[in-house]
K.L.:
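Just passing along the structure, written as structure tokens.
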Amino acid sequence: FLGPNLSILSSFQIKLARMLMEEGQAHLFTNWPLPGDKDFDKLRFFDQVAKLDSNYPGGLAAYIRNARKLLADSKAGKNPFTGYVPSVPNGEKLIYGDEKFMQYEEAGAKEAQHSAFVLVAGGLGERLGYSGIKVALPSETTTETSYLQLYINTILALQAANSKGRSTRLRPIPLVIMTSDDTHRHTVELLDNNKNFGMLPDQIVLLKQEKVACLSDNDASIAMDPSDSFLIQTKPHGHGDVHNVLFSSGLLSRWQEVGVKWVLFFQDTNGLLFKGIPASLGVSALKDLDVNSLAVNRKAKEAIGGIARLTQDNGSEMVINVEYNQLDPLLRATGHAEGDVNDETGFSPFPGNINQLVLKLSSYTEELSKTNGAIVEFVNPKYKDASKTSFKSSTRLECMMQDYPRTLNSSAKVGFTVLDTWLAYAPVKNNPEDAAKVPRGNPLHSATSGEMAIYRANCMILQKAGVNIEGPKIEIYNGQETEVWPRVVWSPKWALTFCDVKRKVKGLCQISQKSTLVLDGDNVTLENLVLDGALFIRATGGSQVNIKSMRVFNDGWKITPVDFADKSYREEIRMRGFEFQRLGQQTLFFDQPGECCVSNVSM
Ligand code: GDU
């Protein structure tokens with residue numbers, strides 16, 4: 001079939017060509033020019049084939065076969081969960097700040113030292129439409145801490161908390177970031193320009209996911225790029241790639257050798273994510289779970305996956321995320337005529353998966369060794385018509401990281417932990433225009449709501465610790481109605497758990513709605529602070545600061561609206577629809593070791 005062209009190919013390339021022929025891809029070679037004509041392009045084609053082959057568990061042949069099967073199922077209208085009956089699973093529902101929560105937090109904060117963190121950050125964030133990478137966005141604009149910086153600061157603070165009082169240095173907690181062609185270079189630059197935000201160079205590993213071949217029909221014929229007849233068209237395979245890239249990197253066995261027990265997966269923009277992690281890790285450790293998915297209460301039909309128990313006729317069952325568009329039809333098909341509906345709590349009984357997973361490293365490694373890093377995939381072709389014989393545009397296989405438990409056998413301990421939404425989940429996914437159209441009462445998931453959620457969570461935590469906080473105002477930014485609480489931000493060094501907060505806030509503290517409070521440093525305690533304005537406290541270099549009976553009054557940082565369309569503002573500000581006007585502030589900076597008490601001061 002390649003005729004005289006065989007002479008320009010290596011034996012490996014000929015093997016790849018044969019594989020493609022055997023897998024029904026002869027169309028790729030029709031009209032190949034004679035040797036001497038476009039030889040460089042032909043070799044370029046085989047380089048790409050080799051890359052696609054090596055990046056997929058089982059190679060390109062396995063990809064084509066899996067695709068053919070999934071395309072046939074899709075054509076036949078087969079639901080991946082056909083034959084399963086959904087029911088409400090049992091999980092751990094945590095109430096922030098109660099005894100049980102604090103026990104889990106304490107256990108989890110210690111367990112963090114035996115963990116590795118994995119951030120999936122290969123997504124382009126098309127719905128958000130930000131020109132940069134999402135992890136570089138400020139999580140809030142009071143301190144301008146980016147998401148990546150916040151995540152790294154928190155991991156370092158967990159490490160520092162575990163090292164306290166020990167004579168030997170503890171092993172650095174590893175962080176893996178999965179990038180893609182869309183995000184890799186910018187992620188490297190962000191880390192380089194900021195000296196890894198304080199992490200050691202070998203503490204962070206970047207693993208790049210690769211795209212997969214596009215398919216043009218139900219026979220899984222590989223599609224060529226419309227603008228380059230020697231380039232296979234490719235598209236992202238999804239965040240589920242994280243399991244394959246981790247497995248192929250060899251990191252899992254290295255981690256096991258040095259005593260890592262847990263792997264925590266998380267996504268690119270959730271300023272609250274670490275608020276729920278210590279407790280959830282505690283749940284995994286104390287219940288010895290193989291899989292623990294973090295979840296929040298979810299309104300019926302809300303566009304996040306629901307966690308459900310699925311049982312088959314033979315009694316085998318799994319606890320798994322079922323995407324919202326599959327959950328409702330599955331319920332209707334199995335005797336629940338109304339589908340997914342809210343119960344008496346006002347929420348769906350199926351909690352919402354926020355895609356933060358805690359996996360036990362030993363069973364995770366064992367399972368991926370069986371599958372060679374592969375997890376369950378799906379295909380979502382857009383058909384031209386009801387005959388389902390041709391596609392509007394090429395398709396490809398996709399996979400989601402939360403589908404990892406699908407291949408586990410039923411003896412695996414798969415659980416989940418439900419946390420309050422205000423505490424644990426405020427992603428930034430939607431652009432201002434789309435967020436403004438979200439029906440009232442539903443989550444906006446915009447840069448505006450993501451930032452305001454951080455202030456709200458911090459205020460609510462302080463309230464639970466006994467601080468008197470003036471309630472929020474309702475304001476509209478970029479057409480989105482939002483609760484504006486006092487802008488309270490603390491660095492992870494100041495507090496990682498509710499216990500930390502309770503230890504550091506004493507007496508009768510009061511914070512007015514117009515206030516901004518930023519706390520940075522692991523040894524700052526507040527006692528009888530009255531704040532009506534902006535106050536920044538930073539303690540470094542071993543200083544221990546006790547603020548006692550301090551009253552701070554100034555004009556503070558006023559929030560002023562910014563129009564999304566006003567290009568005179570930078571994008572990060574425009575997209576949230578407000579900026580701070582610094583009318584007045586008090587800054588206290590301590591950098592000398594030893595105790596320092598600020599008492600009976602009015603400023
Ligand atoms: N991502 C990758 N590679 C990809 C695609 C995405 O690394 O090929 C990363 C993104 O950067 C992001 C994460 O994966 O960090 C999630 O991507 P999206 O925010 O686009 O995720 P979705 O909104 O599609 O949904 C996912 C789950 C849902 C629900 C939701 C919660 O699939 O079930 O849990 O996150 O935020």
Side-chain angles (χ1 to χ4, degrees), residues 55 117-130 132-137 139 147-148 151 176-184 186-187 190 206-212 234-246 264-273 276 293-299 301-308 320-327 348 350-357 375-378 380 396-406 416-419 421 424-431 434-435 438 443-447 449-450 453:
N55 282 328
F117 289 83
V118 180
L119 164 62
V120 289
L124 197 51
E126 277 159 335
R127 279 174 287 164
L128 183 65
Y130 175 53
I133 50 168
K134 287 175 76 182
V135 290
L137 272 174
S139 55
Y147 282 102
L148 187 56
Y151 301 156
V176 167
I177 306 176
M178 182 173 80
T179 58
S180 67
D181 278 330
D182 297 322
T183 62
H184 188 78
H186 292 298
T187 311
L190 181 65
L206 263 58
L207 299 175
K208 185 156 79 75
Q209 65 176 139
E210 299 293 344
K211 292 181 176 153
V212 289
T234 57
K235 284 189 182 165
H237 190 217
H239 41 67
D241 271 347
V242 71
H243 303 297
N244 183 33
V245 297
L246 268 180
L264 286 93
F265 295 83
F266 59 104
Q267 303 195 151
D268 49 19
T269 51
N270 179 9
L272 304 181
L273 80 90
S293 304
L294 275 59
V296 292
N297 283 326
R298 165 184 165 278
K299 291 272 182 199
K301 303 183 182 64
E302 192 182 318
I304 58 173
I307 296 183
I320 192 81
N321 170 71
V322 182
E323 282 303 304
Y324 67 98
N325 53 347
Q326 291 172 334
L327 181 59
S348 162
F350 299 95
N353 161 46
I354 58 172
N355 247 11
Q356 284 167 229
L357 310 173
I375 62 158
V376 170
E377 297 166 295
F378 64 96
N380 188 15
R396 84 291 194 182
L397 297 192
E398 294 177 73
C399 58
M400 301 190 291
M401 73 171 169
Q402 65 269 34
D403 276 342
Y404 159 71
R406 293 263 293 270
F416 61 92
T417 304
V418 184
L419 299 151
T421 309
Y425 188 54
V428 176
K429 301 199 190 216
N430 292 326
N431 62 59
D434 289 345
V438 168
L444 305 176
H445 295 170
S446 65
S449 63

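Numbering of ligands and ligand atoms starts at 1, following listing order. None of the values given here were measured: they were computed from a predicted structure.
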K.L.:
Just checking, any donor-acceptor pair under 3.5 angstrom between side chains of E377 and H237?
P.N.:
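Yes, a side-chain donor-acceptor pair sits under 3.5 Å.
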
K.L.:
Nearest 0.5 Å, please: how far is CD1 in I133 from CG in L124?
P.N.:
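That separation rounds to 11.5 Å.
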
K.L.:
Show the protein residues that qualify under the rule heavy atom under 4.0 Å from an atom of ligand 1, listing them in chain and number order.
P.N.:
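Answer by chain and number: V120, A121, G122, G123, R127, M178, Q209, P236, G238, H239, Q267, D268, G305, N321, E323, N353, I354, N355, M400, Q402, Y425, K429.
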
K.L.:
Using the six-membered ring wherever Trp is involved, compare the ring planes of F117 and F266 and label them parallel, tilted or perpendicular (cut-offs 30° and 60°).
P.N.:
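Taking F266 first and then F117, their aromatic rings stand perpendicular (interplane angle over 60°).
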
K.L.:
Run the numbers on L294 and N353 for side-chain contact (heavy atoms from CB on, under 4.5 Å), then give the verdict.
P.N.:
CA-CA 6 Å; L294 275 59; N353 161 46; over 6 Å; no

K.L.:
Please enumerate all residues that pass side chain to side chain donor-acceptor pair (under 3.5 Å) together with T269, with sequence neighbours excluded.
P.N.:
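With sequence neighbours excluded, T269 shows a side chain to side chain donor-acceptor pair (under 3.5 Å) to no residue whatsoever.
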
K.L.:
In plain terms, say whether K211 and D181 are close enough for a salt bridge, that is, a side-chain N and a carboxylate O under 4.0 Å apart.
P.N.:
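Answer for the salt bridge query: no.
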
